[in-house]
Amino acid sequence: MRSDAVHQVLEAELVEARRRGGGRPPRVLDVGGGSGVWAVPLASAGCSVTVVDPSPNALAMLQRRAVEAGVADRITPLQGDTDALSAISPEGGADLVLAHGLLEVVDDVDTAVAALVAATKPGGAVSVLVANRYAAVLGWALAGRVAEALQLIQAPDGRLDESSDTLQRRFDTDGLREVLAAAGLTVELVQGQAVLSDLVPGSVLDNNPRAAEAMAELERVAALRPPLRDIATRLHAIGRAPA
């Protein structure tokens, strides 16, 4: 797995899951991760991964990636959505449930998070990665789209009008905490992903390993430090299920 702040947190969570399970491979449930961006690296790290996604095309891509990486035997692809988790999640619950890029597109956030919690083993973790409202505001403003930036910051759900926005909503730090806590999760961490790297021109880092290394370290430090965390492109949270 990569070395950014999100991956480091997940790696630490998997170490703890192995300890709790007496060395058993951690069971991961990846909801909405059909193309395998997260599932294949997790399977390569020794996890048993169940991927639930409504798109057959995404699941087909997942299977190709899994075969190419030699981890097809560790990944179970299932077509479905959050409504079906109670029937298809790993028996006894997953040690780690991923909802990366999910809560922005579901019809009912509270129902979806409740399903994630129900699919989690007692004491397990739910990892949520969502689009950040304030990063979108900043991006539109820097692009000269001031009217759109104003709409995003004023809209209760951080969304543009339905005809021009593919997301149902965007989150801020407080709102994300509230959604997870309302479902009974103990929020242990909220950090940023892509805090500054999406704002730095690629020419600054191209062919300059020292600059790239410094940017990676800057991202890791900034991920936890408000207000920098609060303008990250994405917000990442870890919620602990009741034991």
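Computed from a predicted model, the values in this text were never measured in an experiment.
- The aromatic rings of Trp38 and His100 stand perpendicular to each other, their planes meeting at an angle above 60°, with 30° marking the opposite boundary.
- Leu228 and Leu218 end up in the same hydrophobic cluster when Ile, Leu, Val, Met, Phe, Trp and Tyr side chains are linked at under 4.5 Å.
- Residue Val28 is tested with Leu14, Asp95, Val97 for a side-chain contact (heavy atoms from CB on, under 4.5 Å); the sole match is Leu14.
- Residue Pro25 comes nearest to Gly46 through the heavy atom pair CB-O, 3.4 Å, listed as atom of the first residue, atom of the second, then distance.
- Clustering ILVMFWY residues whenever any of their side-chain heavy atoms sit less than 4.5 angstrom apart, transitively, puts Leu167 in a cluster other than the one holding Ile231.
- Transitive grouping of hydrophobic side chains (ILVMFWY, heavy atoms separated by less than 4.5 Å) brings Val40 and Leu129 into a common cluster.
- Taking OG1 of Thr76 as the start and CG of Leu29 as the end, the distance is 10.5 Å to the nearest 0.5 Å.
- Of all heavy-atom pairs between Gly33 and Val51, the closest is O-CG1, 3.4 Å.
- The hydrophobic clustering, which links ILVMFWY residues whose side-chain heavy atoms are closer than 4.5 Å, places Val37 and Val49 together.
- Atom CG in Asp30 sits 9.0 Å away from atom CD1 in Ile75 (nearest 0.5 Å).
- The 12-atom threshold is exceeded at CZ of Arg24, counting heavy atoms of other residues, nucleotides or ligands nearer than 6.0 Å.
- Looking at heavy atoms from C-beta onward, Arg170 lies in side-chain contact with Asp165 at the 4.5 angstrom threshold.
- Here the SG-CG distance, from Cys47 to Leu10, works out to 9.5 Å after rounding to the nearest 0.5 Å.
- Taking each heavy atom of Thr173 and Leu235 in turn, the nearest pair found is N-CD1, 3.6 Å.
- For Leu180 against Ala237, the heavy-atom pair with the smallest separation is CD1-CB, 3.6 Å.
- Rounded to the nearest 0.5 angstrom, Asp157 CG and Arg169 CZ are separated by 7.5 Å.
- Atoms CG and OG, from Leu189 and Ser127 in turn, are 9.0 Å apart once rounded to the nearest 0.5 Å.
- Side-chain atoms of Leu62 and Ser35, non-hydrogen and from C-beta on, never get closer than 4.5 Å to each other.
- Val200 and Val195 fall within a single hydrophobic cluster, where Ile, Leu, Val, Met, Phe, Trp and Tyr are joined by side-chain heavy atoms under 4.5 Å apart, directly or via other members.
- Summarising the geometry of Asn132 relative to Ala232, their closest heavy-atom pair is ND2-O, 2.8 Å, with the distance given to 0.1 Å.
- Annotation: side chain of Arg20 is not in contact with side chain of Lys121 (no heavy-atom distance under 4.5 Å).
- At distances below 3.5 Å, not a single donor-acceptor pair connects side-chain atoms of Thr120 with backbone N or O atoms of Ala241.
- Looking at Glu219, its side chain does come within 3.5 Å of a backbone N or O of Leu196 through a donor-acceptor pair.
- With rounding to the nearest 0.5 angstrom, the CD atom of Glu188 is 4.0 Å from the CZ atom of Arg240.
- Electrostatic pairing of Glu16 and Arg19 counts as a salt bridge here, judged by a charged N lying under 4.0 Å from a carboxylate O.
- Smallest separation of non-hydrogen atoms from Arg229 and Ala223: CG-O, 3.2 Å.
- Between Val179 and Val128, every side-chain heavy-atom pair lies at or beyond the 4.5 Å cut-off.
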Per-pair distances, 0.1 Å, donor-acceptor, side chain in residues 133-154, under 3.5 Å, sequence neighbours excluded:
unit_1, atom_1, unit_2, atom_2, d
Arg133, NH1, Leu152, O, 2.7
Arg133, NH1, Ala155, O, 2.6
Arg133, NH2, Ala155, O, 3.1
Arg133, NH2, Pro156, O, 2.9
Arg145, NE, Glu148, OE2, 3.0
Arg145, NH2, Glu148, OE2, 2.7

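- Between the side chain of Glu104 and the backbone N or O of Leu102, at least one donor-acceptor pair lies under 3.5 Å.
- Between Gln191 and Arg220 there is no side-chain heavy-atom pair separated by less than 4.5 Å.
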With a cut-off of 3.5 Å and sequence neighbours excluded, list every side-chain donor-acceptor pair involving residues 105-119.
unit_1, atom_1, unit_2, atom_2, d
Asp107, OD1, Gln168, NE2, 3.1
Asp108, OD1, Asp110, N, 3.1
Asp108, OD1, Thr111, N, 3.0
Asp108, OD1, Thr111, OG1, 3.3
Asp108, OD2, Thr111, OG1, 3.4

